[in-house]
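Counting convention: from 1, in listed order, for ligands and their atoms alike.
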Amino acid sequence: MSDTSYDLGSAGFSTRAIHAGQPFDPSTGAVVPPIYQSSTFVQDGIGGFRGGYEYARSANPTRDSLQELLAALEGGTAAFSFASGLAAEDALLRSVLTPGSRIVMGNDVYGGTHRLVNRVWTPWGVTLETAEMTDLDAVRAAVRPGETAVLWVETPSNPLMKISDIAALAEIGHAAGALVVVDNTFASPYLQQPLALGADVVVHSTTKYIGGHSDVVGGALVVADEALAEKIGFIQFGAGAVSAPMEAWLTVRGIKTLGVRVDRHSSNGLALAQALEAHPAIDRVYYPGLESHPGHALAARQMTAFGGMISVSLAAGPAAARRFAESTELFQLAESLGGVESLIGYPTEMTHASVRGTELEVPDTVVRLSVGIEDVADLLADVEQALDRSAS
Ligand SMILES: *Cc1c(COP(=O)(O)O)cnc(C)c1O
């Protein structure tokens with residue numbers, strides 16, 4: 001590759017993941033673009049910006065390189081990187097809601113997303129309604145033409161791994177005049193492409209699969225429409241919840257291996273889901289790659305594989321569920337997901353504590369596994385020994 005540049009437009013996913021927005025440094029030839037750890041940029045006379053850079057809240061070359069990469073992976077025209085997934089969501093909501101706006105969300109969205117709208121946005125005059133996104137008639141009934149500003153979809157959902165039909169929901173949302181948003185955190189762009197299915201905005205917690213190494217917190221928005229991009233760009237600059245250069249650089253570094261990581265997450269996930277489904281201590285496995293999952297056929301159509309997130313319900317009840325979550329040795333007990341290392345969590349008291357007592361409450365028999373990319377035999381053995389211990 002010379003600086004006359006290979007055409008990435010028609011390149012495959014992993015080629016884009018490694019090269020989009022990542023030209024070598026022209027002054028030194030460094031293969032990896034440097035981290036521009038600088039808050040401000042010298043001007044050649046007042047207003048004489050080099051490459052358009054002025055002050056790093058408005059733009060920083062490292063953040064730009066991540067944003068260009070994310071847009072290329074999701075098939076968008078623009079991407080915006082933020083300090084966290086929730087900061088990205090908040091910036092999107094600031095861009096499109098006004099007092100009196102209504103928003104319809106899935107009834108099992110990420111707990112923090114629900115809390116953001118329910119506790120931060122409703123005091124500013126926004127109305128939140130939740131709907132069962134796997135039931136298209138229920139969504140049709142929930143969106144009000146001309147009144148619902150946003151239809152918010154998360155698929156696969158967290159932690160019950162429900163699959164909803166992005167293309168059908170985009171049609172329903174658009175017919176009502178709503179902006180259709182898909183939180184693509186669980187699938188990642190490698191498994192699912194919401195913009196191509198008709199969504200207007202893709203949201204990511206890049207903390208999860210995109211960063212992939214549990215070493216950075218971040219979020220992103222990707223859009224196709226230029227007018228919407230302009231509004232979001234203004235809020236990113238004007239409200240300022242931007243990602244820092246080091247975080248942007250770590251995220252770029254993680255993205256380069258997204259395809260190979262998610263292939264392994266998916267094959268490990270399927271092997272674990274099959275083993276858990278056959279285990280007598282487990283009465284239900286929530287994994288879209290299993291034929292027993294109600295969303296399996298849709299997931300097979302809408303995704304290229306099924307990822308590494310699994311939830312299970314323990315037959316012996318909540319005490320056994322807690323013991324299982326506390327008995328694994330390789331799977332570490334921690335919040336978050338999508339990293340190379342396997343994690344286990346008890347949603348009702350961890351990730352989903354904020355939605356206890358609401359209709360988003362997670363059953364107290366459910367344990368969530370983020371299956372990492374370790375050797376599958378070790379993961380299987382760890383889950384087996386933990387289930388044995390949790391039964392006693
Ligand atoms: C983690 C997560 C978020 C929030 O992202 P943060 O980076 O923690 O702010 C949003 N949606 C989903 C599906 C998540 O898993």
Side-chain angles (χ1 to χ4, degrees), residues 66 70 74 79-94 103 105-121 128 130 133 150 152-164 166 181-192 194 199 201-222 236 239 241-244 246-248 250-251 254-255 262 265 269 286 288 303 307-311 334-339 343-347 350-355 360 362 366 368-372:
L66 170 60
L70 288 167
E74 287 284 2
F80 302 89
S81 166
F82 295 88
S84 70
L86 287 180
E89 295 181 11
D90 186 59
L92 173 61
L93 296 174
R94 286 168 193 257
I103 174 166
M105 287 190 153
N107 61 11
D108 67 341
V109 292
Y110 175 72
T113 301
H114 182 265
R115 182 180 54 208
L116 173 64
V117 178
N118 194 36
R119 303 267 306 276
V120 178
W121 278 91
L128 169 65
T130 56
M133 289 286 157
V150 172
W152 190 288
V153 181
E154 188 183 316
T155 179
S157 71
N158 177 16
L160 298 181
M161 306 300 293
K162 287 188 203 165
I163 304 296
S164 38
I166 295 172
V181 178
V182 174
D183 184 334
N184 204 26
T185 298
F186 267 41
S188 89
Y190 183 64
L191 297 183
Q192 180 168 277
V201 185
V202 170
V203 172
H204 277 290
S205 168
T206 55
T207 312
K208 316 293 170 52
Y209 286 103
I210 285 185
H213 295 75
S214 305
D215 54 8
V216 59
V217 171
L221 302 173
V222 189
Q236 185 194 40
V242 295
S243 52
M246 185 68 186
E247 272 62 18
L250 279 168
T251 307
I255 288 172
V262 174
H265 284 295
Y286 302 84
M303 303 170 72
M309 294 305 298
I310 302 175
S311 289
E335 302 208 359
S336 201
L337 61 110
L343 300 179
I344 193 163
Y346 185 53
M350 295 173 65
T351 48
H352 288 65
S354 72
V355 294
L360 278 79
V362 177
V366 166
R368 190 186 78 179
L369 300 146
S370 173
V371 180

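T206 contributes a side-chain N or O that, together with a main-chain N or O of G218, makes up a donor-acceptor pair within less than 3.5 Å. In terms of modelled atom types and a separation under 3.5 Å, the side chain of T185 and the main chain of S205 share a donor-acceptor contact. Under the 3.5 Å distance criterion, the side-chain polar atoms of S188 are left unmatched by any main-chain donor or acceptor of Y209. Between the S370 side chain and the M309 main chain, no donor and acceptor come within less than 3.5 Å of each other. For N184 (side chain) and Q192 (main-chain N/O), a donor-acceptor pair under 3.5 Å exists by modelled atom type. Counting only distance, with no hydrogens or angles, the side chain of Q236 and the backbone of S81 share a donor-acceptor pair below 3.5 Å.
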Steps toward side chain to side chain donor-acceptor pair (under 3.5 Å) verdict (E154, T113): CA-CA 10 Å; E154 188 183 316; T113 301; 4.8 Å; no
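Ligand 1 lies out of reach of G338, whose nearest heavy atom is not under 4.0 Å from it. The shell of residues lying under 4.0 angstrom from ligand 1, judged by heavy atoms, includes E89.
Atoms of ligand 1 found under 4.0 Å from any heavy atom of T207 (numbered from 1 in listed order, with element): 7 (O). The ligand atoms of ligand 1 that sit less than 4.0 angstrom from a heavy atom of G218 are 7 (O). Counting atoms of ligand 1 from 1 in the listed order, those under 4.0 Å from a heavy atom of S84 are 7 (O), 9 (O). Per-residue contacts place S205 under 4.0 angstrom from the following atoms of ligand 1 (heavy atoms of the residue considered): 1 (C), 2 (C), 3 (C), 4 (C), 5 (O), 6 (P), 7 (O). Every atom of ligand 1 is numbered from 1 in the order shown, and the set under 4.0 Å from a heavy atom of E154 is 13 (C).
Which of Y209, F186, Y110 comes nearest to atom 4 (C) of ligand 1 through a heavy atom is settled by distance: it is Y110.
Ranking the protein heavy atoms by distance from atom 6 (P) of ligand 1 puts G85 N, 3.3 Å first. Protein heavy atom in closest approach to atom 1 (C) of ligand 1: K208 NZ, 1.4 Å. With hydrogens left out, the protein atom closest to atom 13 (C) of ligand 1 is D183 OD2, 3.4 Å, a heavy atom.
Screening I163, I166, V153, D108 for a side chain to side chain contact (heavy atoms under 4.5 Å, CB included) involving M133 leaves a single residue, V153.
Only the side chain of T185 comes within 4.0 Å of ligand 1, judged by heavy-atom distances.
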